[in-house]
2 protein chains.
Amino acid sequence: MIAEDYRHIDAPALRRLEALAPLDQTARQALQAAIARSRKIAPRRELMIEGREVKETLLVVRGWAARIRILGDGRRQIMNFTLPGDLVGLCGQENPVSSATIIAMTPVAVCTAPDIAAAPALAQAYAVSRAREEAYLLAQIARLGRLNAHERIADLFLELLERLEFAGLASHGRFVLPLTQEVLADALGLTAVHVNRMLQQARRAGELSWQSKELVIHDPAALARQVGRAPVRVTAAG
Amino acid sequence: MIAEDYRHIDAPALRRLEALAPLDQTARQALQAAIARSRKIAPRRELMIEGREVKETLLVVRGWAARIRILGDGRRQIMNFTLPGDLVGLCGQENPVSSATIIAMTPVAVCTAPDIAAAPALAQAYAVSRAREEAYLLAQIARLGRLNAHERIADLFLELLERLEFAGLASHGRFVLPLTQEVLADALGLTAVHVNRMLQQARRAGELSWQSKELVIHDPAALARQVGRAPVRVTAAG
DNA sequence: CGCCAGCTTGAATCTACTCAAATCTTGTGG
DNA sequence: CCACAAGATTTGAGTAGATTCAAGCTGGCG
């Protein structure tokens, strides 16, 4: 029993969904069973392709993916990152077609998300998950539209921290950030060169350190205050 | 009967929802009844406030609104525009809290969106509406992140054309654009001065004209090709 | 231990911003 | 119906933040 409890808490995807809404035993078991049947996807492989029909809703179990769009001349924009516990292709609509391509940025594990019919307690978790995803899209728009390079970087890092904390993959301003500066640039609407310069400036200013894929934000609260960031909220409860 | 048929087609909100998914008589009547009970909102008034609980889903019947976020130092970002036939506050979640403020940009009429329980045919229309809204958020991200000023303006105008056509409020590249250049700038992540300069350049290039709130895109298909824009699609069917 | 992707640095350039002032529109009250 | 005020658009000049191009460096991996 204790061992089993430990398993839930330890599984990032399960942990995130539990944090979004209370789950009953049925829901937990459905999730664990689904996660047990998860499959691997190699970096640069698509989880979903723009314009292609969406056959099932996926739950990301491990790894990072990104929703991207590539322009005719090769410019690339990353719309958002998909982290463990995130749902992909949730829409509640008939014949849905994906409006963007999602590719794995690291080795990724995904499974088919359990159907709500099988575990009604999941409905609220899925709904909150989707609402949060939308809220993060809005945050991305504000970032690209109105923040300068330094603020964009700080704001994105704080968002990733917030999101990874839900899955138990971050704490005390520290988490694994398995991206290159170029990928970061594509998410921030900047060039890799400029991201590099701004990162170094932030390091020199003592705001953060980032080596061998581990990012540390030295004082998340202070940085959030500095760039005017507030945590995302989508329910009155949490 | 003919008179009544004409009424549906003519009402922009109804027309948009009909275009998104087939509606039965029950759904149409529920919508018409709701629209008949619509209320007016003056320009600059909020339809929804960030952080405030969302009490009901609204259907925009007339006028333009905008989802905005204002930063501490007064910078403002418009995340998207809300047009007739759009739904506001749709989320299917308990205790939802609005993740952005929505304000009327013109005199607006809204009504309570009919409940799906009362007219099940609405479910698909609502789901498609929400999926389209999300797709337009992605488009806004790509616009802000990777397009230059000229492309942003053209792309947004083409998007508005596409959306207004669903409601029967635009055709042949022509529609009423009841915004100031400053509002446009806040949507495009630019300054009003720069928007002004780019608009004049576009006018001189013969791409468009815009006087007394009427915008004309002279050759929408050509402009779309030029800036690399494809129409938004979210269902396999339409 | 050598290679390659990713990171770092510099210099020149450019797009978009800022500030400031003039002109044009629109709506309103007399 | 005109005059005025307030808001919106236009124009100019100078500046700043980010890009581009190019070259050198570093570290992780086969």
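Chain letters run A, B, ... following the sequence lines, proteins first, then strands; residues in each count from 1. Just so you know, these numbers come straight off a predicted model, no measurement behind them.
Summarising the geometry, the separation between CD on A:E182 and P on C:dT8 is reported as 14 Å, rounded to the nearest angstrom. As rounded to whole Å, 10 Å separates atom C1' of C:dC17 from atom CG of B:L190. When rounded to the nearest whole Å, the span between CZ of A:R75 and P of D:dT19 equals 12 Å. Atom CG in A:L184 sits about 9 Å away from atom P in C:dC7, given to the nearest Å. Atom-to-atom, CH2 of B:W210 to P of D:dT9 comes out at 6 Å; the value is rounded to the nearest Å. Distance CD (B:Q181) to P (C:dA16): 16 Å, rounded to an integer number of Å. Between the CD atom of B:E214 and the P atom of C:dT26 there is a distance of 14 Å, rounded to whole Å. One can place CG of A:D73 at 15 Å from P of D:dT19, the figure rounded to the nearest angstrom.
In the region residues 191-205 of chain B, proximity to DNA chain C at under 4.0 angstrom, judged on heavy atoms, holds for B:T191, B:V193, B:H194, B:R197. The stretch residues 138-155 of chain A touches DNA chain D through A:N148, A:A149, each having a heavy atom within less than 4.0 Å of the strand. Of the residues in residues 64-72 of chain B, none has a non-hydrogen atom less than 4.0 angstrom from any atom of DNA chain D.
One finds a salt bridge joining B:R163 and B:D86 here, because a Lys/Arg side-chain nitrogen approaches an Asp/Glu carboxylate oxygen to under 4.0 Å. Note on B:R143 versus B:E159: salt bridge recorded, some NZ/NE/NH1/NH2 to OD/OE distance being below 4.0 Å.
Ring geometry for B:F175 against B:W64 counts as parallel: the plane angle stays under 30°, on a 0 to 90° scale with 60° as the upper cut.
OP1 or OP2 of C:dT25 has not a single side-chain nitrogen or oxygen of B:Q211 nearer than 4.0 Å.
At least one donor-acceptor pair closer than 3.5 Å links the side chain of A:R16 to the backbone N or O of A:G85.
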